[in-house]
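Labels below follow one simple rule: chain letters A, B, ... track the order of the sequence lines, proteins then strands, and each chain is numbered from 1.
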Number of protein chains: 2
Amino acid sequence: MSELQNPIEDYVSYALAAAHRAVNRSLVARLKKHGVQIEAWRIMEILDTGRRLTMGELAQIALINPPALSKLVDRMVSNGFVHRQSAQNDHRQVNLLITALGQKRMIQIRAEIQDQDDQILQQLGDEQTKKLLDILGGLS
Amino acid sequence: MSELQNPIEDYVSYALAAAHRAVNRSLVARLKKHGVQIEAWRIMEILDTGRRLTMGELAQIALINPPALSKLVDRMVSNGFVHRQSAQNDHRQVNLLITALGQKRMIQIRAEIQDQDDQILQQLGDEQTKKLLDILGGLS
DNA sequence: TGAATTTAGTTTCCAAGTCAATTAAATTCT
DNA sequence: AGAATTTAATTGACTTGGAAACTAAATTCA
């Protein structure tokens, strides 16, 4: 009994990569207008809630490896979007904070992001979107 | 009336990135044992069906930009997994073909991939997996 | 036909990411 | 206490990816 080879589109890994690529593409294009990359948006979005996070916590939530985060934060600091502050309890830790400029920039960016998310919502429908988020949550 | 800010986990873009990252991580770890990266696997998986594809077609299907594909193929050629053949009709085009060594390697790799996919299937269940592929298809 | 344009693939230059090593601070253990 | 270990973040060497420029072949059109 011979196995029939699935087309590559049927691999979860492939389907995820394709969808991720498509969504990222349009997001990158939108964010480029504001001079930030997706990861920088994630960082600012996370920090803008006011939570006080260390680099390590941020790396986990923002889906960025620590070395890449360090370097990206260097750039964001020199752009004036965030600043580092060494933690008072543990001097090894660094808290990252969003600046006033960063917050101002986020107002414009958030409109762009909202627009993109609305477009996806419209494309998939409310129910499918919810289902998608639910299933994806089970993979992370 | 004030807008309540969604947590970042509710953005489709974030949920996709998180799931993609998680799935890729384990896939990368598995493929590393065989000395190939995910994109190289995709290329060989696609070529192993025997279809005669140009670099451009392959780039689209394998989700790789043309310059990155060129460079990856250079490496794969020097590893002996694939070889280039200029197309007979149109000498600008290049057909990429998998070698016997590449096919041999794919037998081992496919077992690994199958194992990973089975694990996901088990994690999500048959129905959710199908639903996921269906919804993701609408985004690509 | 042959000059101008388009298309396919590659190359170049630069930006960004990874892995492993490093630094500095905190914690553990004797 | 203080030596040894663990933890947090960064740095350094190297690899890979992207945008734009480039080469070569095919096609269009005057």
CG of L69(B) versus P of dA19(D): gap in Å, rounded? 15 Å
Taking only side-chain N and O atoms of R92(A), does any of them lie within less than 4.0 angstrom of OP1 or OP2 on dT27(C)? no
Sub-3.5 Å pairs of nitrogen or oxygen atoms, protein against nucleotides 14-21 of chain C:
unit_1, atom_1, unit_2, atom_2, d
dG17(C), OP2, R75(A), NH2, 3.0
dT18(C), OP1, N65(A), ND2, 2.9
dT18(C), OP2, N65(A), ND2, 3.4
dT18(C), O4, K71(A), NZ, 2.3

Salt bridge check: are D74(A) and R84(A) linked by an N-O gap of less than 4.0 Å? yes
Base, sugar-phosphate, or nothing for N89(A), non-hydrogen atoms under 4.0 angstrom? sugar-phosphate
What side chain to side chain donor-acceptor pair (under 3.5 Å) pairs are there with at least one residue in residues 58-70 of chain B, not counting sequence neighbours? R21(A)-N65(B)
Just N and O in the side chain of T54(B): are any of them under 4.0 Å from OP1 or OP2 of dA8(C)? no
Where the side chain of V94(B) is defined as all heavy atoms beyond and including C-beta, which of dA9(D), dT10(C), dA26(D) is the nearest nucleotide? dT10(C)
Between S86(B) and Q93(B), a side-chain donor and acceptor under 3.5 Å: no
Please tell me whether R42(A) and Q37(A) have a donor and an acceptor in their side chains that are separated by less than 3.5 angstrom. no
Is the phosphate of dT11(C) approached by S70(B) (side-chain N or O, under 4.0 Å from OP1 or OP2)? no
Less than 6.0 angstrom separating the ring centers of Y14(B) and W41(A), yes or no? no
For residues E45(B) and R110(B), determine if any side-chain heavy atom of one lies less than 4.5 Å from a side-chain heavy atom of the other. yes
